[in-house]
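The structure under discussion appears below in the form of structure tokens.
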Amino acid sequence: QVQLVESGGGLVQAGGSLRLSCAASGRTFRTNVMGWFRQAPGKEREFVAAISWGGTLTRYVDSVKGRFTISRNNAENTVYLQMHSLKPEDTAVYYCAAARTSAVVVSTTAYDYWGQGTQVTVSS
């Protein structure tokens with residue numbers, strides 16, 4: 001099994017920045033592709049960003065392109081989501097996820113392991 005633990009969420013004003021971290025433990029060789037998703041109240045969980053094992057391939061949802069950056073440190077089994085220029089509509093619970101596939105996928109069903117989530121609240 002793989003355990004994922006997110007950290008770094010909090011309350012920030014619009015225009016501010018946060019960096020989320022996700023630490024993986026257990027059978028980390030299964031964490032081929034890592035992704036970040038978010039879920040706002042009353043909405044479905046949506047894809048935010050994903051990164052390949054080597055870090056050379058990344059994908060982002062259009063609404064965060066140019067503002068968010070996903071990265072990973074495989075030596076420390078950690079993936080990051082740096083968020084800048086935050087907007088109130090970015091408010092959500094952010095989840096880290098890991099997929100065994102090598103394709104940088106965006107569907108929630110493609111991910112095998114999930115963290116518990118960390119709350120990000122952006123005030124206007």
Side-chain angles (χ1 to χ4, degrees):
Q1 287 292 343
V2 174
Q3 293 78 42
L4 303 173
V5 178
E6 303 96 335
S7 62
L11 173 64
V12 64
Q13 289 188 333
S17 300
L18 281 176
R19 189 176 82 154
L20 304 183
S21 299
C22 173
S25 60
R27 300 190 176 199
T28 56
F29 61 88
R30 293 183 175 181
T31 58
N32 203 351
V33 170
M34 298 294 295
W36 286 96
F37 291 76
R38 65 187 179 187
Q39 188 166 18
K43 295 188 177 181
E44 293 187 353
R45 191 170 299 187
E46 68 166 350
F47 168 78
V48 176
I51 188 168
S52 62
W53 172 260
T56 56
L57 298 176
T58 58
R59 294 183 70 176
Y60 298 91
V61 66
D62 286 346
S63 60
V64 309
K65 286 181 180 178
R67 300 188 298 123
F68 291 11
T69 302
I70 188 171
S71 61
R72 67 190 295 169
N73 183 330
N74 291 336
E76 296 184 354
N77 295 316
T78 304
V79 64
Y80 304 96
L81 185 68
Q82 179 67 55
M83 305 184 292
H84 294 298
S85 302
L86 282 161
K87 305 175 181 180
E89 50 264 44
D90 295 318
T91 295
V93 177
Y94 282 70
Y95 296 91
C96 174
R100 287 176 284 182
T101 179
S102 59
V104 184
V105 291
V106 304
S107 170
T108 57
T109 59
Y111 286 79
D112 304 287
Y113 307 100
W114 293 85
Q116 293 299 307
T118 185
Q119 177 70 47
V120 172
T121 303
V122 184
S123 63
S124 58

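Everything numeric in this text was worked out from a predicted model, so none of it was measured.
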Exercise. Where the side chain of R59 meets the backbone of V104, is there a donor-acceptor pair that is under 3.5 Å apart?
Worked result: yes
Exercise. Does the E6 side chain pair with the main chain of T118, one donor and one acceptor, at a distance under 3.5 Å?
Worked result: no
Exercise. side-chain contact (heavy atoms from CB on, under 4.5 Å) between M83 and W36: does it pass, once the steps are laid out?
Worked result: CA-CA 12 Å; M83 305 184 292; W36 286 96; over 6 Å; no
Exercise. Looking only at heavy atoms, what is the nearest atom pair of A92 and Q39, with distance?
Worked result: CB-O, 3.4 Å
Exercise. When the ring planes of F37 and Y111 are compared, do they come out parallel, tilted or perpendicular, using 30° and 60° as the limits?
Worked result: perpendicular
Exercise. Would you call K87 and D90 a salt bridge, taking side-chain N to carboxylate O under 4.0 Å as the test?
Worked result: no
Exercise. Does any N or O in the side chain of T78 come within less than 3.5 Å of the main-chain N or O of E76, such that one atom is a donor and the other an acceptor?
Worked result: yes
Problem set entry | Matching residue for Y60 among V48, I51, I70 - test: side chain to side chain contact (heavy atoms under 4.5 Å, CB included) | I70
Exercise. Between A110 and A99, what is the shortest heavy-atom contact and its length?
Worked result: O-CB, 3.5 Å
For this session: Take Q119 and T91 through the test side-chain contact (heavy atoms from CB on, under 4.5 Å) and record every step on the way to the result.
Result: CA-CA 8 Å; Q119 177 70 47; T91 295; 4.0 Å; yes
Exercise. Is it true that Y113 and V106 fall in one hydrophobic cluster, defined by side-chain heavy atoms closer than 4.5 Å?
Worked result: yes
Exercise. When you measure from the side chain of R72 to the backbone N and O of S52, does any donor-acceptor pair fall under 3.5 Å?
Worked result: yes
Exercise. Does atom CD of Q116 have more than 12 heavy-atom neighbours from other groups under 6.0 Å away?
Worked result: no
Problem set entry | Transitive ILVMFWY side-chain link W53 to L81, under 4.5 Å | no
